[in-house]
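Worth saying up front: this structure is predicted, and the values here are computed from it rather than measured. So that the names make sense, note that chain A is the first sequence line, chain B the second, and so on, each numbered from 1.
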Amino acid sequence: MRSASVDQSQTDQQPPARASAAPDVAPPLLSGAEITIQALIDEGVEFVFGYPGGAVLHIYDALFKRGDAIKHILVRHEQGATHAADGYARATGKVGVCLVTSGPGATNAVTGIATAHLDSIPMVVITGQVPTPVIGSDAFQEVDTVGITRPCVKHNFLVKRVEDLALTIKKAFYIASSGRPGPVVVDIPKDVTDPNIKIPYEYPAAVHMRSYSPALRGHHGQIKKAVEKMLAAKRPVIYTGGGVVLGDASAQLSALVRALGYPITSTLMGLGAYPMTDKLFLGMLGMHGTYEANMAMHETDCLIAIGARFDDRVTGKIEHFCPHAEIIHVDVDPSSISKTVKVHVPIVGPVQSVLTDMLAVLAELGRTPDQDALAAWWQQIDAWKGIDCLRYDRTSQVIKPQFAVETLYKVTNGELFLTSDVGQHQMFAAQFYPFDKPRRWINSGGLGTMGFGLPAAMGVQLAYPDAPVACISGEASILMCIQEMATCKQYGLPIKVILLNNGYMGMVRQWQEFFYESRYAHSYVDALPDFVQLAESFGHVGMRVEQPDELESAMREAFAMRDRFVFLDVIVDPTENVYPMIAAGKGHHEMELPPTMSERELA
Amino acid sequence: MRHILSMLVENESGALSRIAGLFSARGYNIESLTVAPTDEPTLSRMTLVTWGNDDIVEQIKKQLNKLIDVVKLQDLSEGEHIEREMMLIKLRAARPDRDELMRLVDIFRAKIIDVTDLSFVVELTGASKKLDAFIKAVPEALITEVVRSGATGISRGEKGLTV
Ligand SMILES: Cc1ncc(C[n+]2csc(CCOP(=O)(O)OP(=O)(O)O)c2C)c(N)n1
Ligand SMILES: [Mg+2]
C-alpha cells in the first residue's frame, strides 16, 4: 500500500474551474516540470526554499527558465529549507514552499515537516521521487516519502500522472492553508516531470473536495451561550494560543478583551496576539508561565480558551487543571475540542469569525460583567503579581540570560521579529521580550526542534527585507543548522544571532539538577567552536560579550550594522535556571519559584 | 463500549494506511477492519470495530473525520442497525464427532460447504457474537482453522450512508 494518487476524474465530482482567459484560447502545452513551476507562480509563491538532486532535476531546469517570476533560495541542508519556509509562513501567514529531491532530500526534510505539523503551519513541500516504473524496487535514492511523512503531515499526495499535477498542487495549497493549517507533501516521480511530454496546462481557480470542508462559522447558539457564561463569570480568564495568530484574529481578540476587561494569558505559541505590555495581560501560562497566570488558571470559574489546544506543557497535571472552571473553547479543529480536557461550551469555527460573532452578541445584549466581582478578582491577581515571579539577580557580575533578553528588548524598542531555538534561551525570550504584535515571535513550540531558529530567521528576513530580524539561540541549538550561515551570506540576509552561550544544554542541565541530583549526563557542550571566528569564516561579523555593562553597546553596534549578518556570542551565567517552573505531574498551583524567594513571601 | 464505525472513503491506495496508521499512532483499539469497493467506483466502504470509553470513541470519530480521505462516517452503534460477519471454519470431523457437529451446524443455521472423511468446512453468517458462540460450542480440539471476515453493518430504515 503506497500512497494516495490523485485522479481528478475520480475524486472530484466537478471539473476544475478555469483560472482565467477566454475558453477559446488554447491553454499552453507544458511539461510536468514546467507545470510544477508554473503552478507555484500561479499560486502567487514568492520564494521556494530548496536543494537540488537527481529526482528534481527536470523541475530545477524549468525553474532556471522562470527565475524571473519566482525566487529560489538555495539552503545548505533540506532541514534548513523546511524551517525557512516555515519561518516565512509564520511571519507572513502565507504558505511556505520547499523543493527537495527524493531519498535523503526527503528524509532530511522530515524534521521540518513535523515541526510545521505540530504548530499547524501552512506549508507545501514538493519532493522528487524515483520514476514510477521503478517505484517499489529499492531504486537509487528511493524512500517511501508518502509513507514516511504520513503521520506528520496534514495530507500528502503521490502524483502518478502528469495530468493530475496541476490539480494536486492546487489541492495541496488549499488544504495547507484552510481550516487548521498544516504541511502538505506532494511527491512527484521524475517521469511525471519529463520535459518531453507536454500537456495542456490550466491552473484551477478553485478546488472542491467532497471529503474536506473546514468549518467557516461558529454555531450561533453556542456563541450566545458562551457570551452569557462569560458575562456571568466572577473570576474569568481568557486563555489564548497559536490559533489566534494563525487565524489572524488579533484585532478581534483585543476588542473582546478590552470590552470585557478580563485578564488574559497566552501559550508560548500565542504570544503577541494580544499586546504583552498591556495591563490586562498576565504573561505566559504553563510550565514556565508566570505565577499570576497559572494561579488565575487554577482559581478561575470561567475559562475562555481561544485557539489553544490544552497542551500538556500548558495544563500540567490534568486532574488539577482549572478545578473550578466552566470551560468555553473556540477552535477551528473539532478534534482539538475535549481531546485532553472536557469542555462545557465547544465552538467549532475560525477564531476570527467566532470572535467577531461574539462581539456582535455582546453588543446586542448590551450588558457588562459584574464590576464588583471583577474588581475583587483583579485585586487577587495583583496580589499574585506582587510576588514578582520573574525576578532575578540584577547585580550579577556575569551576564544573566534574563538581562540579555531585557537588553535586547531595550535596544530594539520591542520592534523585532525574533526567532528562537529550543531551550532555556527560548523560555527567557518568551518571558522577558514582550511582543505587542502577532507573527513577531517565531519558535518551535510543539515539536521543540533545536536548529529551527537560524533557518526560520532566513524565511522571515526574506519576507521582510527591511525589518530587524534576530535569532535567539543557545550554543547547542545553533550548531544544529549552523551551515545556514552560508545561505545568509549568499542572499545577504542581515540577521542578528543572539547566542546566549551558557556552555550547557541549559534546559537539559536544569532538569538534571532538579530531578537527577545534578548528575549532568552529557549536557555539557565540550569543544565548542570559537563562534566569532566561525561567523567570520562564513563572511559575517562575529562579536563576543562577557561583561554585563558592555552588552547594551555591543547590541547597539550589532543592530547598527543594518546590512550585515552579525553573530553576537553572549557569555551568560551557566548556572541560571528558568523559573517559575511547574514540574511534570504537578498542577498550576504547585509552581517552583526562584530560589531567592522564601516560603514566607509566598504566603 | 464496542462501536461499529462505517465509513465512505475515497477509493485511493493511501486511504487504508492512513486509517490503520491513525489507530496505531494514537494507540486506539481496533477489533476488525473490512474494506471493499461500493457501487460507486470512487468510493470504498469501510467498517471498523473498535472499543473504548465515550471520550475515546468521540476522539476516534473526530480524528477519522479529519482525515482528508474519509468522506463520511457513521457510528452504527448509535442507532438501530444490522451487523453481519461471515466465518469459514474447518473442523476435524472423524466418525465419532460427525453427528454432534452436524447438530451444531443445524442449531446455528450454518452450512457445511466442504466434506472429507476427516473434515468439514462450515460457513456461518451472523452478528460477531453469534460466530463467537459457535466457536465456543464446538469442542476446541476439533477446530483446525478459523477464518472471519470482520464485521460489516448497515443501519435499519430508509436512510442510507451516501455522499
Ligand atoms: C533536535 C533536538 N534534540 C534534542 C532536544 C532536547 N533538548 C531540549 S533543550 C536542549 C538543550 C539546548 O541547549 P542550548 O541550545 O545550549 O540552549 P540552552 O537551554 O542552554 O539555552 C536539548 C538537548 C531538542 N529539543 N531538539
Ligand atoms: Mg546552552
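More than 12 non-hydrogen atoms from other residues, nucleotides or ligands lie less than 6.0 angstrom from CD of A:Glu319. Sparse packing is recorded around CZ of A:Arg217, with 12 or fewer heavy atoms of other residues, nucleotides or ligands lying under 6.0 Å away. Atom NZ of B:Lys130 has more than 12 heavy atoms from other residues, nucleotides or ligands within 6.0 Å. Atom CG of B:Asp117 is surrounded by 12 or fewer heavy atoms from other residues, nucleotides or ligands within 6.0 Å. Counting heavy atoms of neighbouring residues, nucleotides and ligands inside a 6.0 Å radius, atom CG of B:Leu104 exceeds 12 of them. No more than 12 heavy atoms of other residues, nucleotides or ligands lie within 6.0 Å of CZ in A:Arg313, so this atom counts as exposed by the packing criterion.
Listed for the A:Ser211 side chain is no donor-acceptor partner under 3.5 Å among the backbone atoms of B:Val70. The closest donor-acceptor contact from the side chain of B:Lys62 to the backbone of A:Ile337 lies under 3.5 Å.
Counting only heavy atoms from C-beta outward, the side chains of B:Arg18 and A:Asn156 approach each other to under 4.5 Å. Side-chain atoms of B:Leu43 and A:Arg210, non-hydrogen and from C-beta on, do get closer than 4.5 Å to each other.
Taken to the nearest 0.5 Å, the CG atom of B:Asp69 stands 5.0 Å off from the NE2 atom of A:His155. The OH atom of A:Tyr212 sits 14.5 Å away from the CD atom of B:Glu10 when rounded to the nearest 0.5 Å. Atoms OG and CD, from A:Ser338 and B:Gln59 in turn, are 8.5 Å apart once rounded to the nearest 0.5 Å.
Heavy-atom distances place the side chain of A:Ile175, and not its backbone, under 4.5 Å from chain B.
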Could you go step by step and tell me if B:Ser17 and A:Arg150 meet the side-chain contact (heavy atoms from CB on, under 4.5 Å) rule? CA-CA 9 Å; B:Ser17 35; A:Arg150 185 181 306 119; 3.3 Å; yes

